[in-house]
Amino acid sequence: MSLVKNVGTIGGLTMVSRVAGMAREMIFSRVLGANAVTDAWFQAFIIPNVFRRLFAEGAFSAAFVPMFSKRLHGDGGLESARSFSNDVLSVFLPILIALVALIEIAMPGVIWLLADKPVDPGTFDFAVDFARIMFPYIVLVSLVTLFTGMLNSVSRFAPGASFPIILNVVLILALLAGERWIATGASVEQAAYGLAWAVTGAGVMQLVWLYVWVRVEGFRPRL
């Protein structure tokens, strides 16, 4: 029954996230429409997503969870798991910050390399600006993944399955606010900048959400 309950929890929250994501895309199309600024925004949004899959959801997650679980359920118990997670955090966070600083500086080249079509000079500056605003999200979501792995190891699956909903809800609210802003005379470019900042803001909220839960479970993440 526990397995069925956990599968249902993860599946249900994932479905909510997918529905919210579909609503987000529909509202995005209505508010910002199909134009060069929208193309630049999506081109920029690819950058943190690529690195999120590499760092947050890729090799790191696959390596961390079994090692953390081994310590948690081994002789050392909770104290050993706490020490291990703090060691990982102390190495992982500075590397992420250094990576973000490097990519921020090299962002024009990164945009050019990852573009799926020839870069439009008219939207290139927008894409660089949007990507620079959104890229710190990779630090936040990587820490979220670290905390999710810790919670999954103690069979607390709901917080980790629910955090994507936060991003979709924040972006929907930002889009609705942007729609009203445009109605009062703001430009599509200004609304797109606001939406880029909303991505990073959503990352902060996701991190706070997971941090509260790891504290509830008795972990005290620190450098």
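Along the sequence shown, residues are numbered consecutively beginning with 1.
Annotation: the span from Leu146 atom CG to Leu210 atom CG amounts to 9.5 Å, rounded to 0.5 Å. The CD1 atom of Ile111 sits 4.0 Å away from atom CD1 of Ile47, with the distance rounded to the nearest 0.5 Å. One finds the CG atom of Asp87 at 14.0 Å from the CZ atom of Arg82 (value rounded to the nearest 0.5 Å). Separation of atoms OG (Ser69) and CE (Met150) is listed at 11.0 Å; rounding is to 0.5 Å. The structure places CZ of Arg222 at 10.5 Å from CG of Leu89, a figure rounded to the nearest 0.5 Å. The line from CD of Glu189 to CZ of Phe126 is 4.5 Å long, rounded to the nearest 0.5 Å.
Residues passing the side-chain hydrogen bond (donor to acceptor under 3.5 Å, both in side chains) test with Glu179 are Arg30, sequence neighbours excluded. Residues satisfying the ring-ring contact (aromatic ring centres under 6.0 Å, His included) criterion with Phe28, sequence neighbours excluded, are Trp41, Phe42.
Placement of Leu207 and Val204 within a single hydrophobic cluster is found when ILVMFWY residues are connected by side-chain heavy-atom separations under 4.5 Å, directly or transitively. Ile165 and Val212 end up in different hydrophobic clusters when Ile, Leu, Val, Met, Phe, Trp and Tyr side chains are linked at under 4.5 Å. In terms of hydrophobic clustering, with Ile, Leu, Val, Met, Phe, Trp and Tyr side chains grouped at heavy-atom distances under 4.5 Å, Val88 and Tyr211 are assigned to a common cluster. Cluster membership check: Val154 shares its hydrophobic cluster with Leu143, using side-chain heavy-atom separations under 4.5 Å among Ile, Leu, Val, Met, Phe, Trp and Tyr. The hydrophobic clustering, which links ILVMFWY residues whose side-chain heavy atoms are closer than 4.5 Å, places Leu78 and Phe147 together.
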Legend entry - Test side chain to side chain contact (heavy atoms under 4.5 Å, CB included) applied to Gln206 and Tyr137, step by step: CA-CA 10 Å; Gln206 290 173 322; Tyr137 179 74; 2.9 Å; yes
Inset, instruction - Run the numbers on Asn86 and Leu223 for side chain to side chain contact (heavy atoms under 4.5 Å, CB included), then give the verdict. - result: CA-CA 6 Å; Asn86 289 341; Leu223 299 180; over 6 Å; no
Inset, instruction - Could you walk me through whether Leu140 and Thr200 pass the side chain to side chain contact (heavy atoms under 4.5 Å, CB included) test, one step at a time? - result: CA-CA 8 Å; Leu140 303 167; Thr200 301; 4.2 Å; yes
Inset, instruction - For side chain to side chain contact (heavy atoms under 4.5 Å, CB included), just list the numbers for Val141 and Phe163, CA-CA rounded to whole Å, side-chain angles, deciding distance to a tenth of an Å, and then say yes or no. - result: CA-CA 10 Å; Val141 78; Phe163 82 82; 4.2 Å; yes
Inset, instruction - Evaluate the criterion ring pair (Phe, Tyr, Trp, His ring centres under 6.0 Å) for residue pair Phe64 and Phe84; output intermediate values, then yes/no. - result: CA-CA 10 Å; Phe64 173 77; Phe84 175 69; 5.8 Å; yes
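Taking the side chain as every heavy atom from C-beta outward, Pro221 and Val214 approach each other to under 4.5 Å. Between Leu195 and Val199, the closest side-chain pair of non-hydrogen atoms is not below 4.5 Å. Side-chain contact between Thr123 and Val37: absent, with no pair of heavy atoms (C-beta onward) separated by less than 4.5 Å.
Residues Thr38 and Asn35 have side chains that bring a donor and an acceptor to within less than 3.5 angstrom of each other.
Ser162 contributes a side-chain N or O that, together with a main-chain N or O of Pro159, makes up a donor-acceptor pair within less than 3.5 Å. Side chain of Asn152 to main chain of Phe157: no donor-acceptor pair is present (N/O by atom type, distance under 3.5 Å, no hydrogens or angles). Looking only at distances, no side-chain donor or acceptor of Ser83 sits under 3.5 Å from a matching main-chain atom of Glu79.
Listed here is the closest heavy atom pair of Val128 and Pro108: CG2-CA, 3.9 Å. Smallest separation of non-hydrogen atoms from Ala202 and Leu167: CB-CD1, 3.6 Å. Taking both residues in full, the closest heavy atoms of Val170 and Ala198 are given as CG1-O, 3.6 Å, listed atom of the first, atom of the second, then distance. Here the closest heavy-atom approach between residue Gly149 and residue Val65 is recorded as CA-CG2, 3.8 Å. Annotation for Val31 and Gly178: closest pair CG1-C, 4.4 Å, computed over non-hydrogen atoms. Between Ile138 and Pro48 the shortest heavy-atom distance is CD1-O, 4.2 Å.
Less than 6.0 angstrom separates the ring centroid of Phe68 from the ring centroid of Phe219.
When the options Met26, Arg24, Arg18 are evaluated for a side-chain contact (heavy atoms from CB on, under 4.5 Å) with Met22, the one that passes is Met26.
Applying the ring pair (Phe, Tyr, Trp, His ring centres under 6.0 Å) definition to pairs two or more places apart or across chains, those involving residues 169-206 are Phe130-Tyr193.
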